[in-house]
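The shown structure was predicted, so the numbers you read here are calculated from the model rather than taken from an experiment. In what follows, chains carry the letters A, B, and so on, assigned in the order in which the sequence lines appear, proteins first and then strands, with residues in each chain numbered from 1. Both backbone and side-chain heavy atoms feed into the values below; hydrogens, waters and symmetry mates do not.
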Amino acid sequence: MGAPRWVLHVDLDGFIAAVERLRRPELVGKPVVVGGTGDPTQRGVVATASYEARAFGVRSGMPLRTAARRCPHAVFLPTDPPAYEAVSVQVMETLRTFPAVVEVVGWDEAFLDVAVADPEDLAQRIQHAVLARTALTCSVGIGDNKLRAKLATGFAKPGGVFRLTEATWWPVMGRRPTHALWGVGDKTARKLAALGIRTVADLAASDVGELARRFGPTMGPWLRRLARGEDRTPVAAGPYVAKSRSRETTFQRNLTDWDAVRAEVAALARRVAQDVVVEGRPAVRVGVKVRWAPFETRTRSVGLPTPSSEAAVIEAAALTALEGFEPGREVRLVGVRAELDRAGP
DNA sequence: TCTGGGGTCCTAGGACCC
DNA sequence: TCTGGGGTCCTAGGACCC
């Protein structure tokens, strides 16, 4: 008889802002907003805000200009991905010292599949180990599957531990809006509300046939399972295998010159080609994204006759895809994406 | 609130084939 | 000549997440 299985979801508190504060102790206690180039007069959005900045209504995803209006005295910093990556590696190494299957979900998040009698005790030991190694605090959600562990973390923040299982699902989640579920965003919540489905309990009790009609054969039934906290997705230890690689740029000023658009697409395609080489699997399809001003996004893509990792091939394909667009309007953003071969080189 | 960048997965229509 | 139904691939778009 082994100990019971649990899923733990570990999530660093305000990760990016916390890493910046670590490097610059003078930021401790101050509102800090990280995002874009660090210049709040430029186009860009908030990647993370410290809890001091959040008190002024600054949120991730918010335009930097808006953040500056809400919290003018905040310290604005550019994002520094290599620095966060380095700290993230230390965090994940620390998690792997525990007897668990570890699935890394992002820079600052991981699932652990564990078999222990006292998951709260393990959660606290993880918090202490991460703090000792990186001086960062994290929150831990405990669940009987990934979905419940992930949602539990929201109740654990900041710095706490929370358990959510089948036994407590209804008292904790039943009366919350569907938007509280992991995978239900603004659009779906609104669509559900139009059907009279407002809470998690409403969704759990709704007609699965109706959901399938409105949301499709896969999404419909999945939504109802979500509302019941049902999830059998395993914690996957395997190394992350990318399905696509992409690069995109939003211009500080919209481009009006199509030659400049072509040049930018070519440059992005060469960067994507470098990423493809690093992945070690060739591209099978290349796509281009154009965002017209003010904010209308369109994509075009072409399959490659033969899978390739060559910069010249990927660049040529991107420029071919770009020909599917009618020039003449102002361009806010361009992007290039490569879909990778699933099988291998 | 004038809206980044990097991903994943699902849906749906049309082409094409049997 | 007119007609069916299903399966699969290709492509674009949408929704969501960190």
I want to check one thing: is the phosphate of [N], taken as OP1 and OP2, less than 4.0 Å away from some side-chain N or O of [X]?
X: A:T218; N: B:dT11; answer: yes
X: A:K243; N: B:dC9; answer: yes
X: A:S301; N: C:dA12; answer: yes
X: A:K150; N: C:dC18; answer: yes
X: A:R69; N: B:dT1; answer: no
X: A:Y240; N: B:dG7; answer: no
X: A:T249; N: B:dG4; answer: no
X: A:R337; N: B:dG6; answer: no

Of the options [options], whose atoms approach the side-chain atoms of [X] most closely?
X: A:W182; options: C:dG13, B:dG7, C:dC18; value: C:dC18
X: A:T66; options: C:dG13, B:dT1, B:dG6; value: B:dT1
X: A:S244; options: C:dA12, C:dC16, B:dT8; value: B:dT8
X: A:R285; options: C:dC10, C:dA15, B:dT11; value: C:dC10
X: A:R300; options: C:dG13, B:dC2, B:dT8; value: C:dG13
X: A:T188; options: B:dG6, C:dA15, B:dC9; value: C:dA15

Contact class for [X] (heavy atom, under 4.0 Å): base, sugar-phosphate, or nothing?
X: A:L333; value: sugar-phosphate
X: A:A67; value: nothing
X: A:M219; value: sugar-phosphate
X: A:R214; value: nothing
X: A:G36; value: nothing
X: A:G106; value: nothing
X: A:V105; value: nothing

[X] has an atom [atom1]; how far is it from atom [atom2] of [N], in whole Å?
X: A:W107; N: B:dG6; atom1: CH2; atom2: C1'; value: 9 Å
X: A:L181; N: C:dC16; atom1: CG; atom2: P; value: 12 Å
X: A:W292; N: B:dC2; atom1: CH2; atom2: P; value: 25 Å
X: A:N254; N: B:dT3; atom1: CG; atom2: C1'; value: 13 Å
X: A:R342; N: B:dG7; atom1: CZ; atom2: C1'; value: 13 Å
X: A:R65; N: B:dG4; atom1: CZ; atom2: C1'; value: 13 Å
X: A:R332; N: B:dG4; atom1: CZ; atom2: C1'; value: 9 Å
X: A:R245; N: B:dG5; atom1: CZ; atom2: C1'; value: 12 Å

Query raised in the report: On DNA chain B, nearest-nucleotide positions of A:P217 versus A:R43: which is more 5'?
Result: A:R43
Query raised in the report: Between A:R271 and A:Q42, which is nearer to the 5' end of DNA chain B once each is assigned its nearest nucleotide?
Result: A:Q42
State plainly whether the residues [X] and [Y] are in salt-bridge range, i.e. N to O under 4.0 Å.
X: A:E210; Y: A:R213; value: yes
X: A:R125; Y: A:D121; value: yes
X: A:E330; Y: A:R332; value: no

Query raised in the report: Which base sits across from B:dA15 as a Watson-Crick or G-U pair, both distances under 3.5 Å?
Result: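 Matched B:dA15 with C:dT8 under the 3.5 Å cut-off.
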Query - Euclidean distance for C1', C:dC16 against B:dG4 (whole angstrom) - result: 16 Å
Report task. Could you say whether the aromatic ring of A:F295 and the base of B:dC2 stack, counting only centre distances under 5.5 Å and plane angles under 30°? Result -> no
Report task. Would you please classify the geometry between the A:Y84 ring and the A:F15 ring as parallel, tilted or perpendicular, with 30° and 60° separating the classes? Result -> perpendicular
**Report entry** From A:C138 atom SG to A:H128 atom NE2, the distance as rounded to the nearest 0.5 Å
**Finding:**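 Separation between the atoms: 10.0 Å.
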Query raised in the report: Does NZ or CZ of A:R148 come closer than 6.0 Å to the centre of the six-membered ring of A:W169, within 45° of the ring's axis?
Result: yes
Query raised in the report: Looking at A:F251, does the NZ or CZ of A:R253 lie under 6.0 angstrom from its six-membered ring centre and within 45 degrees of the ring axis?
Result: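 Not satisfied by the 6.0 Å and 45° rule.
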Query raised in the report: Can any side-chain N or O of A:K157 pair as donor or acceptor with the backbone N or O of A:V140 at less than 3.5 Å?
Result: no
